[in-house]
Enquirer: 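Below is a structure I'd like to ask you about.
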Amino acid sequence: MKTSKYFMPTLREVSSDAETISHQLMLRAGLIRKQAAGIYTYLPLGFKVLKKIENIVREEMERSGAIEILASALQNAELWQESHRWYEYGAEMFRLQDRHGRDFCLGPTHEEIFTDLVRNNISSYRQLPLNLFQIQTKYRDEKRPRFGVIRSREFIMKDAYSFDIDEEGLNKSYEEMYKAYRRIFDRCNLKYQVVEADTGNIGGSSSHEFMVISEVGEDSLIFCDNCGYSANVEKAQAVDRQFVAESIKKKEKVYTPNIKTIDKLAEFLSIESSKILKAVLYTDEKARTFMCLLPGDREVNEIKLKKLLGIKELNLASEEEIYKVTKCKPGFSGPVGINKEVFIVADNEVKTMTNFVVGANEEDYHIINVNLNEFNVNIYGDIKNAEEGDNCIKCGNKLSSSKGIEVGHIFKLGTKYSKLLKATYLDKNGKEQPMVMGCYGIGITRTLAAIIEQNNDEDGICWPKHLAPFEVAVIPVNIKDEEQANLAEKIYEQLKNHNIDVLLDDRDERVGVKFKDIDLIGIPLKIVIGKKISEGQVELKFRSGKETKLVNIGDIIEEVKNFYSLT
Ligand SMILES: O=C(C[C@@H]1CCCCN1)Cn1cnc2cc(Cl)c(F)cc2c1=O
Ligand SMILES: [Mg+2]
């Protein structure tokens with residue numbers, strides 16, 4: 001390919017709404033262009049790398065025995081009504097009607113579609129296990145698309161669905177996918193962590209997420225360097241602290257004028273925030289208001305709370321709802337003296353708290369030296385976020401935390417969809433059984449961005465060699481110099497004849513501009529044709545490490561093949 005005939009519109013600057021380095025570089029290097037909020041066009045360079053990632057995914061999925069299909073993006077509502085999910089998802093689902101007024105959605109995921117396909121075409125245990133996958137565009141109307149293609153409203157996903165006769169079969173399929181995912185992300189040169197994850201409302205028993213370690217990641221992961229325990233903070237557990245028991249002190253109401261936050265209260269009373277009992281009021285889908293209690297230095301984990309109480313909708317109580325329970329405005333809520341009817345859930349760590357501070361349910365007042373006999377907790381449980389510095393639930397070692405970008409998520413679904421959609425098979429006794437399913441997703445476009453997040457420097461993208469949009473860039477220092485231009489053309493042709501994916505930068509630009517562009521788009525190897533031509537030599541410049549090497553013209557093919565270890 002020659003830059004004079006190519007389409008790679010590079011930019012020097014990008015608008016400030018590109019907050020992450022991958023978003024900035026994908027725009028500047030001419031990989032994508034924004035069509036609308038959360039909707040992108042992939043230009044030639046971006047498309048080429050996308051295809052390389054897809055091929056890695058395809059190869060490893062097929063190696064695991066999965067079979068590729070391509071399902072429709074348009075999905076008929078009937079299937080989502082059968083699975084009761086048509087009304088479960090609200091604004092996030094892109095819905096539309098066809099010319100006959102029939103309801104459709106643009107597929108955000110394909111559990112229903114794949115289950116319907118298999119129930120209509122598989123009927124015997126002899127035809128299982130089966131793992132079907134696709135690489136297809138997904139549509140989700142994210143409330144806040146951000147970070148370029150990392151959280152977009154239209155994205156490319158590899159999604160796979162496995163069908164087995166029983167739990168044991170599912171465990172084997174799940175294990176195969178787990179190994180395939182490791183091979184895929186290893187081949188993408190990604191530094192990632194596999195974490196135990198929440199299954200969300202997709203159902204199923206357990207799931208793992210593949211998290212690319214990155215400060216711009218929206219997910220928080222907790223892990224133990226010692227024993228390898230790692231989990232999304234949504235699900236991560238830590239050892240409950242046992243507070244030192246003190247002898248009971250005299251309870252006392254104290255004036256705390258306008259002190260409404262834990263930190264201000266701890267400072268005002270010169271105590272640790274863990275000596276304060278934090279009370280957070282929530283409402284559920286039945287509009288019941290209930291109170292959560294945790295040590296003041298803990299945060300509520302709403303996913304754990306919902307699971308513990310079996311709640312579908314959880315919202316922070318409004319000022320009115322708080323007033324109804326505490327007869328007070330927010331900031332002074334506490335469990336002492338409220339109506340016995342109000343349901344109280346407390347984190348396990350509250351069990352060992354003594355002489356703690358609570359809101360007095362009176363404006364500008366708190367009560368110190370309160371103890372557990374002053375109120376009734378309906379249920380104790382783990383409703384807190386595990387944090388860095390907590391003790392590992394598995395080995396007791398100190399836990400670490402980092403941010404992650406979720407690039408893969410695999411689920412043991414069980415029989416949720418096969419029961420709802422009657423995807424059954426006849427077992428060897430001729431008895432009808434529901435298939436046991438798993439589902440497995442990789443964000444292809446998100447993986448592209450994650451690779452850039454982890455592979456860049458001040459000059460631009462530093463692709464892992466085998467993922468770069470071109471393998472070599474041939475750059476004559478001065479295209480007007482006949483000898484340089486001819487040699488560049490010759491080298492370009494020679495490389496093409498050896499199946500090297502080469503870009504000839506034949507633009508009439510200063511060499512510095514060419515170097516800047518080629519380094520921005522991250523081509524791993526530049527062959528520079530300049531003054532050394534008189535000694536029959538050219539300069540190889542390597543993108544990562546920025547080293548330079550003079551080679552004889554006759555050795556170029558050898559050198560390039562060595563660099564790509566193609567020999
Ligand atoms: O997609 C999954 C689970 C797995 C992930 C891997 C590949 C197969 N599906 C979970 N999920 C996420 N967002 C959604 C958004 C909408 Cl609007 C929807 F209608 C459904 C879903 C939905 O089900
Ligand atoms: Mg997920």
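First listed ligand is number 1; within each ligand, the first listed atom is number 1.
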Enquirer: Yes or no: does Phe94 have any heavy atom under 4.0 Å from an atom of ligand 1?
Expert: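 Phe94 does not count as a contact of ligand 1 under the 4.0 Å cut-off.
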Enquirer: Please identify which atoms of ligand 1 are closer than 4.0 Å to at least one heavy atom of Met93.
Expert: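 So the atoms of ligand 1 that pass are 17 (Cl), 19 (F).
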Enquirer: Please lay out, stage by stage, how Leu43 and Phe7 fare under the test side-chain contact (heavy atoms from CB on, under 4.5 Å).
Expert: CA-CA 8 Å; Leu43 305 186; Phe7 179 49; 3.9 Å; yes
Enquirer: Could you tell me whether Lys34 sits above the aromatic face of Tyr40, with NZ or CZ closer than 6.0 angstrom to the six-membered ring centre and within 45 degrees of the axis?
Expert: no
Enquirer: Please work out, at 4.0 Å between heavy atoms, whether the side chain, the backbone, both, or neither of Arg85 comes within that distance of ligand 1.
Expert: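 The answer is the side chain.
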Enquirer: To which of Glu92, Glu88, Glu111, His409 does the heavy atom nearest atom 9 (N) of ligand 1 belong?
Expert: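 Checking each option, the heavy atom nearest atom 9 (N) of ligand 1 is found in Glu111.
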Enquirer: Hey, does Tyr161 come in under 3.5 Å of ligand 1, counting only N/O atoms on both sides?
Expert: no
Enquirer: Should Tyr440 be counted as touching ligand 1, given the test is an N or O pair under 3.5 Å?
Expert: no
Enquirer: Give a yes/no on ligand 1: does Tyr139 have at least one heavy atom closer than 4.0 angstrom to it?
Expert: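 False for this residue.
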Enquirer: Keeping Arg543 on the side-chain end and Cys462 on the backbone end, is there a donor-acceptor pair under 3.5 Å?
Expert: no
Enquirer: Using the benzene-type ring in the case of Trp, are the ring centres of Phe114 and Tyr161 under 6.0 Å apart?
Expert: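 Close enough - the centres of the two rings lie under 6.0 Å apart.
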Enquirer: Can you check side chain to side chain donor-acceptor pair (under 3.5 Å) on Ser83 and Tyr417, steps first, answer last?
Expert: CA-CA 7 Å; Ser83 70; Tyr417 292 89; over 6 Å; no
Enquirer: Please lay out, stage by stage, how Glu299 and Lys278 fare under the test salt bridge (Lys or Arg N to Asp or Glu O under 4.0 Å).
Expert: CA-CA 9 Å; Glu299 297 305 320; Lys278 177 195 274 188; 3.5 Å; yes
